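For clarity, every value in this text was computed on a predicted model and none was experimentally measured. The figures here come from the full heavy-atom set of this structure, side chains too, leaving out hydrogens, waters and symmetry mates. We name chains A, B, ... by the order of the sequence lines, and we start the count at 1 in each one.
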Amino acid sequence: MSMEENKQYFSTQLLRWYRKERRDLPWRRSRNPYHIWVSEIMLQQTRVDTVIPYFNRFMDRFPTPQHLAEAPEEDVLKHWEGLGYYSRARNLQAAVREVVEQYGGVVPSNKKAVSSLKGVGPYTAGAILSIAYNQSEPAVDGNVMRVLSRYFCLEEDIAKPATRIGIESIAQELIPDGEAADFNQALMELGAMVCTPKSPSCLECPVTQLCLGRLEGRERELPVKTKAKKPKPVFRFAALIEGSGQHAGKVLVRQRPDTGLLARMWELPHIEVLDAAAWDMLALGKQEIEAALSEDGVKVKATEHVVGDAQHIFTHLIWNIRVLAAVALDEEYVTDRTSYKWVGAEEFESFVWPNVFRKLLTEYFIQSRN
DNA sequence: AAATCGGGGCA
DNA sequence: TGCCCAGATTT
């Protein structure tokens, strides 16, 4: 069998399988380019099951590019809360505003224009052009690299950017004429449902007969991928600052900077200490957090009472947070600081929180109610 | 090329 | 625990 016949077999069988087995997903109910676009941004590094409820809420609130363009950023972030990688939400809104202004609200269908939109890289551009506009462009994500690495027994390291380029040209050649939309989705659907990372279900695979990786008994060792670095643990003290007087029942929180990790989200004030040993020295934590807040003009009396510990795991970082009880000494001055605010159980939901602080504060407000 | 950027699901 | 997920952007 020639390589040409091999490729044709793959595409034909895969398409047939997909048309029978495709999942009914919210963004598959139309070819509305805006729907496809939003779904693809949400799906970056995020599982389908996680995205579904977010997608539905998002489309309910921002049904068209115009609605999204006109919304306050805080509203958009609120609908992204808990989904992670928040720059996706900000980039999406910036890009939608450009689409409304430059293209009258119509998602562009040419490669150059789509690719230049904020947050739209090689994969997402290919996904929009192929799924929404049925153009013969590859859309190579982790699924596609895994499936094709196995089927063609490719041994290049898929962690390297150069490998994706090569696989894109292979994926391009595999697209049957006029079938880009279904074929690209079929490739990803196979990776998600059958050709899974750990133990692929080769018995249920529509192309198992000619899968080179399988024929060589190497499906479990492919694709080759260099290991990621372990996240670095860091240690922090946070302050749970309870208000009194007119701020009774409230907690002092602050907004993170405009850029970087968890940009513009709200948090308990906290500081980093050197290492795990310092994390055990409560007197040190009390002193350092008082000093740091004082720098911000916030006068606080901390204690050595540990309200609780929390851990937050990022891709490259592990926050270990020890929460100390504290009280504000000058409550009126505090409210003048724009990045600091008193928040009570009522206002809590109108702020956007990283999960770790959402959990801590939810727990606090439940406890203090009793 | 390497680092940054969330959060969760699963063996 | 480790690995991965419909990746993009910055350094």
Using a heavy-atom cut-off of under 4.0 Å over every strand shown, decide if K160(A) touches base, sugar-phosphate, or nothing.
nothing
Does any part of the side chain of V194(A), heavy atoms only, come nearer than 4.5 Å to the side chain of W17(A), both counted from C-beta?
yes
Between dG7(C), dG9(B), dG6(B), which nucleotide gets closest to the side-chain atoms of D141(A)?
dG7(C)
Under-4.0 Å side-chain N/O to phosphate OP1/OP2 contact, T124(A) with dA8(C):
yes
Any side-chain N or O of R146(A) less than 4.0 Å from the OP1 or OP2 oxygen of dC5(C)?
yes
Over all strands shown, is Y123(A) touching base, sugar-phosphate only, or nothing at heavy-atom distances under 4.0 angstrom?
base
So L25(A), base contact, sugar-phosphate only, or nothing? Heavy-atom distance under 4.0 Å.
base
Would you indicate what G260(A) reaches in the nucleic acid, counting non-hydrogen atoms under 4.0 angstrom: base, sugar-phosphate, or nothing?
sugar-phosphate
What's W27(A) touching, base or sugar-phosphate or nothing? Going by heavy atoms closer than 4.0 Å.
base
Report yes if a side-chain nitrogen or oxygen of H316(A) is closer than 4.0 Å to either non-bridging phosphate oxygen (OP1 or OP2) of dC5(B); otherwise report no.
yes
Using a heavy-atom cut-off of under 4.0 Å over every strand shown, decide if R90(A) touches base, sugar-phosphate, or nothing.
nothing
Across the strands shown, which category fits S87(A) at heavy-atom distances under 4.0 angstrom: base, sugar-phosphate, nothing?
nothing
Can you tell me, in whole Å, how much space there is between the P of dA8(C) and that of dG8(B)?
22 Å
Regarding R220(A), tell me which of base, sugar-phosphate or nothing describes its non-hydrogen contacts under 4.0 Å with the strands shown.
nothing
Among the nucleotides dC3(C), dA6(C), dC5(B), which one has an atom lying closest to any side-chain atom of E40(A)?
dA6(C)
Contact under 4.0 Å: Y85(A) side-chain N or O vs dC5(C) OP1/OP2
no
Taking only nitrogen or oxygen atoms into account, show me every contact under 3.5 Å that the protein makes with nucleotides 9-11 of chain C, one pair per line with its distance.
unit_1: dT9(C); atom_1: OP1; unit_2: G119(A); atom_2: N; d: 2.5

More than 12 heavy atoms of other groups within 6.0 Å of R29(A) CZ
no
When all nucleic acid strands are considered with a 4.0 Å heavy-atom cut-off, which category describes T50(A): base, sugar-phosphate, or nothing?
nothing
What nucleotide, of dG7(B), dC4(C), dG2(C), holds the atom closest to the side chain of K198(A)?
dG2(C)
Heavy atoms under 4.0 Å, any strand shown: does L317(A) hit a base, just sugar-phosphate, or nothing?
nothing
Contact under 4.0 Å: K229(A) side-chain N or O vs dA3(B) OP1/OP2:
yes
I'd like to know whether the aromatic ring centres of W80(A) and Y54(A) sit less than 6.0 Å apart in this structure.
no
For A162(A) and for Y86(A), find the nucleotide of DNA chain B with the closest heavy atom, then tell me which residue's nucleotide is more 5'.
A162(A)
Do the ring centers of H35(A) and W27(A) come within less than 6.0 Å of each other?
no
Of dG7(B), dC4(C), dC3(C), the nucleotide closest to the side chain of K227(A) is dC3(C)
Does a nitrogen or oxygen in the side chain of Q45(A) sit under 4.0 Å from OP1 or OP2 of dG7(C)?
yes
Name the orientation class of the two ring planes belonging to H270(A) and F357(A) (parallel below 30°, tilted from 30 to 60°, perpendicular beyond 60°).
tilted
Option among R23(A), E21(A), M188(A) that satisfies the side chain to side chain contact (heavy atoms under 4.5 Å, CB included) test with M193(A)
R23(A)
Could you please name the option among dG2(C), dA1(B), dG8(B) that lies closest to any side-chain atom of K230(A)?
dG2(C)
Using a 6.0 Å distance limit plus a 45 degree cone around the ring axis, check whether R322(A) lies over the aromatic ring of W279(A).
yes
Taking only residues two or more places apart in sequence, or in another chain, which ones meet R220(A) in a side chain to side chain donor-acceptor pair (under 3.5 Å)?
none
Out of the candidates R358(A), R254(A), K341(A), only one should pair with E267(A) under the salt bridge (Lys or Arg N to Asp or Glu O under 4.0 Å) rule; please name it.
R254(A)
If you check the L261(A) side chain, which of dA6(C), dC4(C), dG6(B) turns out closest?
dG6(B)
